[in-house]
Amino acid sequence: MEKTKKEGTEVDIFLEAIFQKYGYDFRNYAKASIKRRIQNLQKKFAIKKISEMIPRMHQDRSFSNSILAEFSITVTEMFRDPEFYRSIRENIVPYLDTYPFIKIWHAGCATGEEAYSLAIILKEENLYHKTTIFATDFNNVALRKARNGIYSLDEIKEFTQSYQKAGGKHSFSDYYHAKYKSAIIDNSLKKNITFANHNLVTDSDFGEMHLILCRNVLIYFNKILRDRVLNLFDSSLIHKGFLAIGSKESLNFSSIEKKFNPVDKKNKIYRKK
Amino acid sequence: MKTKNNFNISDFKAIVIGVSAGGFEALTKLFSTLPKDFPLPIIVVQHIHKYQSGYLFEHLNKHCALKVKEADEKETIKPGNIYFAPPNYHLLIEEDKTFSLSVDEKVNYSRPSIDVLFKCAAEVYKNQLIGIILTGANDDGAEGMRIIKENGGLTIAQDPRDAEFPVMPQSAIDKVEIGIILTLENLTFHFSGWHRK
Ligand SMILES: C[S@@+](CC[C@H](N)C(=O)[O-])C[C@H]1O[C@@H](n2cnc3c(N)ncnc32)[C@H](O)[C@@H]1O
């Protein structure tokens, strides 16, 4: 058998085994990225063949954590794509403000940087007090970090620049306390954010959201899974609710495409018809 | 220097190019001479600041007969196009020859990383891939070239003496026995007249 084809089936068998054993379903993730993650695991654990991963999984209990950590790519930053946040501020906030209370679902929040970025925008626009942000991810380690809201001071310089580009109205240092080499997010920002575990593949919808953000998560899914998750978002939004996806993601050729109008095409913000 | 200088473009299915500092001029020179019927898709990783790229496309599209665009996720790779990795994302290739994007850790301090694209491309296109390293001031891409070679693909490096920044092609040359080392002008000549032979 050709090497790639054989690897292909081995990958599928491994993903099936993970699903059977842990209930984590990576079977419809985009394969190229999954393959890289498996190769990383092989390197880390000095495992030569993919087929050797399965017995390893059954022997070594901590191995499952490593798999999840490896497959869940939690790289994120505050105010990633500052223009996007500027657009939220200018184009979405005026609509949100018309509601007596606002419910936001932030899916795939990783270690929380984006959720806090959004909280800052809402605070500066005087909306935060009537907002609840449900920030979810399927990675508990990332969620713990998100709840703690402690980030490295090294990153703060870049975050500060992005905050300014996003139209920040104050000094970014108002939102954290520096301690040793860390920046601790101010408690007032944490108040209305609930971090919770939710798996987009296997868990059900969240009701009645005014805005859903899910950025840089759909790129890891194949078309089938992307479609399924987009439908989950569609059914979790109120009539005229907003959906924001990553700047390199799109609703094109998805089954919900026709149900949404673009509000800001470049920044990938859509509104349910 | 090895000069198995004659290769037939039609033996291949895709070209990947890695380029960093000095890339703007080098790519303009190379791409502006490619004819409209150039038969292979070209996929480029250029190290670039994460919020800049618009100008590059505008500029290249003005000077180039082929379509120059950012690679979209899940887009099918087709001849007639020159695709660029979007800034701040790694560019991957699926078995079915569509693109995927990822925002995982930087590789060689870079995202997009040349090594990441080259490795993926080599696994998909095998010996039907041409890998090219041009001017640059770091060593991203050297490992990728090794993997392209290992999979039977053709490796080409710009002659470091000809490169505005020699480090990148030199690192590839130091790591792999490169198939063809040539000047940008020679490469341009090869590609623009691909059906001359
Ligand atoms: C690259 S991060 C994106 C973080 C952030 N949204 C951003 O754009 O900066 C992708 C996140 O998606 C999460 N994720 C992947 N698959 C998931 C799933 N099935 N359910 C919930 N979260 C998932 C990962 O754990 C990871 O934290």
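Letters A, B, ... mirror the listed sequences (proteins, then strands); counts begin at 1.
Within the 4.5 angstrom heavy-atom criterion, only backbone atoms of A:Ser250 (N, CA, C, O) approach chain B. Interface remark: A:Gln39 contributes side-chain atoms only to the contact with chain B (heavy atom separation under 4.5 Å). For A:Asn252, no part sits under 4.5 Å from any heavy atom of chain B, backbone or side chain. With a threshold of 4.5 angstrom between heavy atoms, B:Ser100 approaches chain A through side-chain atoms but not through N, CA, C or O. Neither the backbone nor the side chain of B:Asp72 comes within contact range of chain A; no heavy atoms are under 4.5 Å apart.
Atoms CG and CG, on A:Leu218 and B:Leu101 in that order, are 12.0 Å from each other to the nearest 0.5 Å. Here B:Tyr89 contributes atom OH and A:Ile219 contributes atom CD1; the two are 5.5 Å apart, rounded to the nearest 0.5 Å. For the atom pair CG (B:Asp104) and OG (A:Ser33), the distance works out to 6.0 Å, reported to the nearest 0.5 Å.
Other residues, nucleotides and ligands contribute at most 12 non-hydrogen atoms within 6.0 Å of the CD atom of B:Glu185. When the shell of 6.0 Å around NZ of B:Lys13 is examined, it contains 12 or fewer heavy atoms from other residues, nucleotides or ligands. At most 12 heavy atoms of other shown residues, nucleotides or ligands fall within 6.0 angstrom of atom CZ in B:Phe189. The local environment of NZ in A:Lys266 is sparse, with at most 12 non-hydrogen atoms from other residues, nucleotides or ligands closer than 6.0 Å. Crowding of A:Lys169 atom NZ: a count of heavy atoms from other residues, nucleotides or ligands under 6.0 Å exceeding 12.
Ranked by heavy-atom pairs under 4.5 Å with chain B, the list A:Arg226, A:Glu83, A:Lys31 is led by A:Lys31.
Heavy-atom minimum distance, B:Glu94 versus A:Ala30: OE2-CB, 3.4 Å.
For the pair B:Asn88/A:Lys248, no side-chain contact is recorded, criterion being any heavy-atom separation below 4.5 Å from C-beta on. The shortest distance between side-chain heavy atoms of A:Arg36 and B:Val107 falls below 4.5 Å. The shortest distance between side-chain heavy atoms of A:Tyr220 and B:Val103 falls below 4.5 Å.
Of the possible donor and acceptor atoms, none in the side chain of B:Glu105 sits under 3.5 Å from a partner among the backbone N and O of A:Val75. When atom types are taken as modelled, the side chain of B:Glu73 and the backbone of A:Glu249 share no donor-acceptor pair closer than 3.5 angstrom.
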*Please test A:Lys35 against B:Glu95 for salt bridge (charged side-chain N to carboxylate O under 4.0 Å, His left out), starting from the C-alpha separation and ending with a verdict.*
CA-CA 11 Å; A:Lys35 247 185 161 169; B:Glu95 252 353 287; 3.5 Å; yes
